[in-house]
Amino acid sequence: MLQIQVLKNNTEQVKQLLQVKNFTQLHLVDEVIALDDDRKKTQTQLDELLATVNQASKEIGKLMAAGQKQQAEEAKTQVANAKLQIEPLKASLTELEQSIESILFQIPNTPTPEVPTGKTPEENVEVRAGGVKPTLAADAVPHWDLAKKYNLIDFELGNKVTGSGFPFYIGKGAKLQRSLIQYFLDFNTQAGYLEYLPPFMVNTASAFGTGQLPDKEGQMYHMPADDFYMIPTAEVPVTNVYRDVLLKEAELPKKMTAYSPCFRREAGSYGKDVRGLNRLHQFEKVEIIQIVKPSESNTVLLEMVEHVEKLIQSLELPYRILRLCGGDMGFASAITYDFEVYSAAQQKWLEVSSVSNFESYQANRMKCRYKDADGKNHLVHTLNGSSLALPRIMATLLENNQHTDGITLPKVLQSYFGAEQI
RNA sequence: GGUGAGAUGGAUGAGUGGCUGAAAUCAGCAGUUUGCUAAACUGCCGUACGGGUCAAACUGUACCGAGGGUUCGAAUCCCUCUCUCACCGCCA
């Protein structure tokens with residue numbers, strides 16, 4: 001969530017920026033500022049009363065010790081009177097704090113100045129593109145047909161055992177998946193990211209920390225017996241490693257990478273976009289995450305974009321990088337770059353990575369701070385990105401590299417896969 | 001699943017009703033000493049929200065796993081919950 005101080009000090013600027021994100025409930029900003037002023041007044045009053053009670057309690061102790069029982073009793077009635085005022089003040093303070101928090105939860109992160117205005121994905125801005133779109137033979141087929149032809153993935157079997165969107169990868173399909181994970185993790189750790197293999201379920205505190213709750217509750221699988229959520233991305237467990245942590249400046253930046261399956265209910269999405277590997281309820285992904293000083297997050301974002309770009313280039317896939325417009329960005333993000341690869345048989349761009357700077361929005365929720373050289377505490381900035389999401393990479397690799405007699409793998413994968421082609 | 005023990009500041013760990021926001025030790029920071037390093041010595045060293053200030057100093061309140069309760073007063077007593085550890089059972 002945004003810091004109330006920022007809302008207060010830059011009210012008009014914040015409102016303007018929020019409009020870039022198509023956030024229209026600007027009255028919430030004024031409301032929360034007014035509530036916070038109330039909160040301060042209430043707290044000052046309450047603190048003063050509590051101070052008199054504390055003072056009186058000490059007096060009573062002394063009076064009792066001195067044997068002056070009657071005066072002690074008088075002081076006690078004074079305390080009792082003060083307490084009558086304290087109770088309602090406490091109640092309204094709690095109420096104010098809750099209202100403030102619930103409003104702050106409803107206000108999305110402000111976009112950075114580079115973020116283009118716009119409402120739909122069509123208004124995203126292409127930053128650059130690379131690679132060459134292959135020319136396929138006339139009989140080229142989409143990946144779901146290739147998956148069947150070479151016995152790589154069985155969608156129907158997944159339907160039977162679990163439900164749609166939970167495919168089985170089999171034989172060379174499973175091995176290719178495993179090779180990709182291994183390659184991605186190696187690529188990331190070589191760039192200085194520390195590998196984590198996180199829990200695949202998280203508790204509610206963690207889901208709040210990274211912002212999945214309360215706004216995206218319906219997107220996650222929930223295990224009511226234990227009140228756990230299946231993770232929709234490794235970002236959730238890995239970023240929460242530093243929830244409620246006060247770091248030393250010298251410890252930053254923290255660079256982490258993690259493989260995990262991702263579980264998404266994808267409620268309300270049907271139709272043509274969900275065919276094959278394009279949209280699944282369970283898929284695999286390797287994520288990169290950084291926790292950095294605020295002054296460095298802009299540079300680090302670009303560094304992460306370049307990192308992902310190199311990874312895609314090494315797979316020899318045609319790609320483009322988009323800077324998302326305000327309307328297409330996530331709630332907690334300040335700026336997001338999407339990576340898409342061109343799936344030649346489907347003749348479609350497929351999103352395979354999304355790299356975002358959350359600035360202090362997640363950090364404020366998670367209370368992740370660092371102590372600077374002067375001993376002052378500041379919120380960190382958090383960033384994350386996919387490096388990479390597996391299914392659409394696999395779909396594109398299969399489609400773009402198909403020949404009549406097989407599917408050639410890019411060089412970097414051959415040693416991992418143990419063969420040059422499928 | 002059963003039984004028992006526990007949860008205190010960055011860490012270890014004292015503290016059973018007022019003198020405790022919290023001993024001591026370690027770690028950390030600053031300085032003195034020192035040919036360098038090490039050692040020794042001195043000082044500082046929790047967080048949040050307020051007041052105050054240009055900024056400090058200073059100052060109020062809250063916080064000893066979480067939430068309630070008893071009391072003039074709670075880290076300390078009572079209740080509930082969560083988590084951790086140990087042993088047993090089960091098990092990849």
Side-chain angles (χ1 to χ4, degrees), chain A residues 1-9 32-104 197-209 213 222-229 237 240-252 254 261 291 360 363-380:
Chain A
M1 58 182 134
L2 293 171
Q3 295 170 82
I4 190 87
Q5 272 314 317
V6 173
L7 295 182
K8 240 177 222 187
N9 297 339
V32 80
I33 290 171
L35 284 170
D36 193 58
D37 289 338
D38 277 359
R39 195 208 94 235
K40 279 191 193 173
K41 280 181 207 146
T42 309
Q43 189 172 46
T44 305
Q45 280 179 44
L46 178 61
D47 284 354
E48 280 166 8
L49 282 168
L50 287 170
T52 64
V53 168
N54 286 344
Q55 196 64 35
S57 294
K58 281 185 188 163
E59 298 289 334
I60 291 167
K62 283 179 197 158
L63 290 170
M64 299 285 271
Q68 295 171 292
K69 280 209 168 162
Q70 199 178 336
Q71 277 141 300
E73 287 305 320
E74 282 169 23
K76 280 190 196 180
T77 53
Q78 279 179 6
V79 170
N81 286 335
K83 285 193 128 185
L84 290 178
Q85 299 174 60
I86 285 174
E87 284 313 315
L89 275 177
K90 261 192 187 167
S92 59
L93 185 63
T94 311
E95 199 178 311
L96 283 166
E97 283 169 348
Q98 282 170 355
S99 314
I100 288 166
E101 186 171 68
S102 89
I103 291 180
L104 287 177
L197 182 58
F200 301 153
M201 297 186 212
V202 293
N203 57 29
T204 53
S206 296
F208 267 102
L213 290 180
H222 183 221
M223 323 295 283
D226 298 288
D227 206 12
F228 292 151
Y229 290 87
N240 272 284
V241 165
Y242 291 101
R243 171 156 51 83
D244 292 320
V245 170
L246 182 54
L247 291 155
K248 290 172 196 148
E249 189 169 7
E251 292 180 85
L252 297 172
K254 291 283 183 189
I291 295 179
S360 59
N364 191 31
R365 261 189 192 201
M366 292 200 305
K367 285 192 286 190
C368 178
R369 296 154 301 158
Y370 76 97
K371 191 180 281 294
D372 70 14
D374 297 330
K376 293 204 170 156
N377 299 334
H378 309 275
L379 292 171
V380 298

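Labels below follow one simple rule: chain letters A, B, ... track the order of the sequence lines, proteins then strands, and each chain is numbered from 1.
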Requested in this report: Please state the P separation for the pair B/C19 and B/C64 - nearest whole angstrom.
Outcome: 15 Å
Report summary line: Rounded to whole Å, CG of A/D37 lies from P of B/G51 at a distance of 10 Å
Query raised in the report: So do the side chains of A/V79 and A/I60 get within less than 4.5 Å of each other, counting heavy atoms only?
Result: yes
Report summary line: A/L96 CG to B/G50 C1', in whole Å, measures 14 Å
Query raised in the report: On a whole-Å scale, what distance lies between the C1' atoms belonging to B/U33 and B/C41?
Result: 8 Å
**Report entry** Nearest-nucleotide 5' precedence on RNA chain B, A/K376 against A/Q5
**Finding:** A/Q5
Requested in this report: Taking the side chain as every heavy atom from C-beta outward, state whether A/K371 and A/L247 have any atom pair closer than 4.5 Å.
Outcome: no
Query - Whole-Å P distance, B/G6 and B/C58 - result: 40 Å
Query raised in the report: Say you pick atom P in B/G68 and the same atom in B/A75; how far apart are they, in whole Å?
Result: 15 Å
**Report entry** Rounded C1' spacing from B/G21 to B/U80 in Å
**Finding:** 27 Å
Query raised in the report: In whole Å, what is the span from the CG atom of A/L247 to the P atom of B/G28?
Result: 17 Å
Query raised in the report: Roughly how far apart, to the nearest Å, are B/C81 and B/C26 at atom C1'?
Result: 34 Å
Requested in this report: Could you encode protein contacts along nucleotides 57-84 of chain B as a string, one character per nucleotide from 5' to 3', using B for base contact, S for sugar-phosphate-only contact and - for no contact, with a heavy-atom cut-off of under 4.0 Å?
Outcome: ---BSS---------BS-----------
Query raised in the report: For A/I4 and B/G50, what is the distance between atoms CD1 and P respectively, to the nearest whole Å?
Result: 10 Å
Query raised in the report: With rounding to whole Å, what would you report as the distance between B/A14 and B/G31 at their P atoms?
Result: 35 Å
Query - Rounded interatomic separation in angstrom, taking CG from A/L63 and P from B/G18 - result: 17 Å
Report task. Indicate yes or no: at least one non-hydrogen side-chain atom of A/V380 is less than 4.5 angstrom from one of A/R369. Result -> no
Query - Bracket notation of RNA chain B in which parentheses pair within the strand, [ ] cross earlier pairs, and | pairs with another strand (Watson-Crick or G-U, under 3.5 Å) - result: ((((((((.[[[..)..(.....]]].(((((.......))))).((((((......)))))).[[[[[..)....]]]]])))))))....
Query raised in the report: Does the side chain of A/I291 reach to within under 4.5 Å of the side chain of A/V241, using non-hydrogen atoms?
Result: no
Report task. Would you indicate whether the side-chain heavy atoms of A/H222 and A/D227 approach each other to under 4.5 Å? Result -> yes
Query raised in the report: Quick one: A/E97 CD to B/A48 P, roughly how many Å, whole number?
Result: 15 Å
N/O donor-acceptor pairs under 3.5 Å from side chains in residues 199-209 of chain A, not counting sequence neighbours:
unit_1, atom_1, unit_2, atom_2, d
A/N203, OD1, A/A205, N, 3.4
A/N203, OD1, A/S206, N, 3.0
A/N203, OD1, A/S206, OG, 3.1
A/S206, OG, A/R243, NH2, 2.8

Report task. Write down the distance between CD (A/E249) and C1' (B/G10), rounded to a whole number of angstrom. Result -> 17 Å
**Report entry** Side chain to side chain, A/N364 and A/L2, heavy atoms closer than 4.5 Å
**Finding:** no
**Report entry** Test: A/E251 and A/K248 ion pair at under 4.0 Å
**Finding:** no
**Report entry** Spacing of A/E74 atom CD and A/Q68 atom CD [to the nearest 0.5 Å]
**Finding:** 10.5 Å
Tabulated below should be each protein N or O lying under 3.5 Å from an N or O of nucleotides 44-47 of chain B; please produce it.
unit_1, atom_1, unit_2, atom_2, d
B/U47, OP1, A/K371, NZ, 2.4
B/U47, OP1, A/N377, ND2, 3.3
B/U47, O3', A/R369, NH1, 2.9

Query raised in the report: According to the side-chain hydrogen bond (donor to acceptor under 3.5 Å, both in side chains) rule, which pairs have a member within residues 38-64 of chain A, sequence neighbours left out?
Result: A/D36-A/R39
Report task. Write down the distance separating the C1' atoms in B/G46 and B/G10, rounded off to the nearest Å. Result -> 9 Å
Query raised in the report: For A/K8, does the NZ atom have more than 12 heavy-atom neighbours from other residues, nucleotides or ligands under 6.0 Å away?
Result: yes
What side-chain donor-acceptor pairs closer than 3.5 Å can you find for residues 91-100 of chain A, not counting sequence neighbours?
unit_1, atom_1, unit_2, atom_2, d
A/S92, OG, A/P88, O, 3.3
A/S92, OG, A/L89, O, 3.1
A/T94, OG1, A/K90, O, 2.9
A/S99, OG, A/E95, O, 2.8

Query raised in the report: Which part of the nucleic acid, if any, lies within contact of A/K69, taking any heavy atom under 4.0 Å across all strands shown: a base, the sugar-phosphate backbone alone, or nothing?
Result: nothing
